[in-house]
Amino acid sequence: MLNLSIVRRAADTLVALALTAATAHASPDLDAVKNSVKTVTKLDVVKIEPSKIAGLYEVQTAGQIFYTDAKGEYILLGAQVFATKDNANYSEKRMNELAGYKFADLPLQDAIKIVRGNGKRVVVTFEDPNCGYCKRLNKTLDEMGDSTHYVFMIGMLGDESTTKAKAIWCSANPAKAWTDWVIGGKQVSTQSSECETPLARNAKMAEKYRVQGTPALFFPNGERAQGSMPSDQLLKHFAKQAR
């Protein structure tokens with residue numbers, strides 16, 4: 001949904017951008033834009049290209065999207081662009097496009113596989129074992145049943161999460177250890193947690209696919225979503241996979 005507080009915070013900047021656009025160069029001053037972004041965000045620019053909004057340019061870094069004018073004098077930072085015709089989050093859509101993936105290329109051997117019921121609904125997630133929203137998502141999936149759920153564990157919330165993820169992976173039954181913890185709240189024993197884990201590879205993959213938080217959901221048709229969601233929303237995503 002459109003966040004009006006974001007719109008209000010960005011209003012003055014958008015006005016300034018609109019005025020600047022009238023006298024802007026036909027193409028962006030790449031050096032000026034890169035320097036402006038680096039100064040404000042400390043991040044390096046990967047690519048700059050025109051956005052769908054006249055006078056605004058899309059600035060891509062390794063993990064984020066910004067918007068700027070052609071001279072790099074203004075940066076729209078932390079704002080999201082919505083399409084008025086359908087209230088769609090254009091910024092989120094672009095991030096998903098840039099972080100596109102082929103489901104067949106995901107290294108599912110590095111994920112915990114949890115099969116519920118007949119397993120017909122398939123979803124891949126990036127999750128931190130201490131993430132509250134992840135626990136909520138797992139409970140929802142458990143209540144829905146009939147799913148195959150691949151969990152790429154990442155220690156996004158700190159060292160304690162990494163230690164717990166390692167203990168889960170190294171347990172005799174990782175799928176049971178995971179669900180016992182995120183759904184049942186049963187603590188994971190760390191006494192015998194010495195084994196080779198995919199956690200470092202998972203972290204690199206999460207960075208590659210621009211995972212900004214957990215849970216991040218990936219579906220077989222190339223769709224992805226962020227955060228926990230109720231069963232009715234999940235069913236809509238699963239229905240698309242069946243077409």
Side-chain angles (χ1 to χ4, degrees), residues 1-3 86-89 92-93 95-97 99-157 161 164-188 197-199 201-203 205-206 209-243:
M1 293 298 293
L2 179 59
N3 189 328
D86 57 6
N87 204 27
N89 189 327
E92 184 178 89
K93 179 182 178 182
M95 282 295 295
N96 288 344
E97 290 172 352
Y101 65 95
K102 291 183 179 179
F103 196 87
D105 293 341
L106 295 175
L108 299 181
Q109 70 275 8
D110 285 345
I112 295 173
K113 182 179 180 180
I114 303 160
V115 179
R116 300 176 172 97
N118 61 26
K120 65 180 180 180
R121 304 166 178 143
V122 180
V123 63
V124 170
T125 60
F126 286 83
E127 302 188 48
D128 184 298
N130 287 328
C131 161
Y133 291 107
C134 299
K135 295 176 182 178
R136 185 184 302 173
L137 174 65
N138 278 265
K139 289 179 181 178
T140 300
L141 287 170
D142 204 52
E143 291 168 356
M144 292 174 64
D146 295 339
S147 65
T148 299
H149 178 196
Y150 295 94
V151 180
F152 286 106
M153 291 188 295
I154 53 177
M156 185 168 277
L157 298 178
S161 291
K164 187 165 289 180
K166 184 176 181 180
I168 291 172
W169 184 265
C170 294
S171 66
N173 187 334
K176 185 177 186 302
W178 171 262
T179 55
D180 281 352
W181 164 243
V182 296
I183 296 176
K186 182 178 179 180
Q187 289 293 334
V188 182
T197 77
L199 297 180
R201 294 192 296 272
N202 291 353
M205 183 168 55
Y209 291 131
R210 301 175 187 240
V211 173
Q212 300 294 309
T214 55
L217 292 76
F218 289 62
F219 297 93
N221 70 342
E223 272 193 334
R224 56 184 290 180
Q226 186 70 43
S228 180
M229 59 179 64
S231 58
D232 59 336
Q233 292 185 26
L234 282 169
L235 286 172
K236 290 179 181 178
H237 282 285
F238 287 134
K240 294 178 182 179
Q241 319 306 314
R243 293 174 184 173

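- Considering only heavy atoms from C-beta on, Lys236 stays 4.5 Å or farther from Met229 through its side chain.
- Between the side chains of Thr214 and Asp128, no donor-acceptor pair of N or O atoms lies under 3.5 Å.
- Within the 4.5 Å cutoff, side-chain heavy atoms of Val211 are placed close to those of Arg224.
- Here the CD1 atom belonging to Ile114 is positioned 11.0 Å from the OH atom belonging to Tyr150, to the nearest 0.5 angstrom.
- Closest non-hydrogen pair, Phe152 versus Pro107, comes out as CE2-O, 3.3 Å.
- For Lys135, the NZ atom sits in a packed shell: over 12 heavy atoms of surrounding residues, nucleotides or ligands are nearer than 6.0 Å.
- Of the inter-residue distances, the one linking Asn118 atom CG with Asp146 atom CG reads 3.5 Å to the nearest 0.5 angstrom.
- Taking CG of Leu106 as the reference point, atom CZ of Phe218 lies at 7.0 Å (rounded to 0.5 Å).
- When side chains are defined from C-beta on, Leu157 counts as touching Cys131, because their heavy atoms get closer than 4.5 Å.
- By the 30° and 60° cut-offs, the orientation of the rings of Phe238 relative to Phe219 is perpendicular.
- Side-chain contact check for Val151 versus Trp178: some heavy-atom pair is nearer than 4.5 Å.
- Contact between Ala167 and Val188 at its shortest, heavy atoms only, is CB-CG1, 3.6 Å.
- The environment of CZ in Phe103 is crowded: more than 12 heavy-atom neighbours from other residues, nucleotides or ligands sit within 6.0 Å.
- Rounded to the nearest 0.5 Å, atoms CD1 (Ile112) and NZ (Lys176) are 13.0 Å apart.
- To the nearest 0.5 Å, atom CZ of residue Arg201 and atom CD1 of residue Ile154 are 14.5 Å apart.
- For the pair Thr197 and Cys170, the minimum side-chain heavy-atom distance is below 4.5 Å.
- Gln226 and Pro215 make their closest contact through NE2-O, 3.3 Å (heavy atoms, listed as atom of the first residue, atom of the second, distance).
- Val182 is not listed as a side-chain neighbour of Glu127, based on a closest heavy-atom distance of 4.5 Å or more.
- Counting only distance, with no hydrogens or angles, the side chain of Trp181 and the backbone of Pro129 share a donor-acceptor pair below 3.5 Å.
- Atom OG of residue Ser228 and atom CG of residue Leu234 lie 7.5 Å apart, to the nearest 0.5 angstrom.
- Between Met156 and Gly213, the shortest heavy-atom distance links the atoms SD-CA, 3.7 Å.
- Here the side chain of Arg121 pairs a donor or acceptor atom with the backbone of Gly145 at under 3.5 angstrom.
- Applying the side chain to side chain donor-acceptor pair (under 3.5 Å) test between Arg116 and each of Thr148, Thr179, Asp142 identifies Asp142 as the sole match.
- Across Ala177 and Ile168, no two heavy atoms sit closer than the pair CB-CG2, 4.1 Å.
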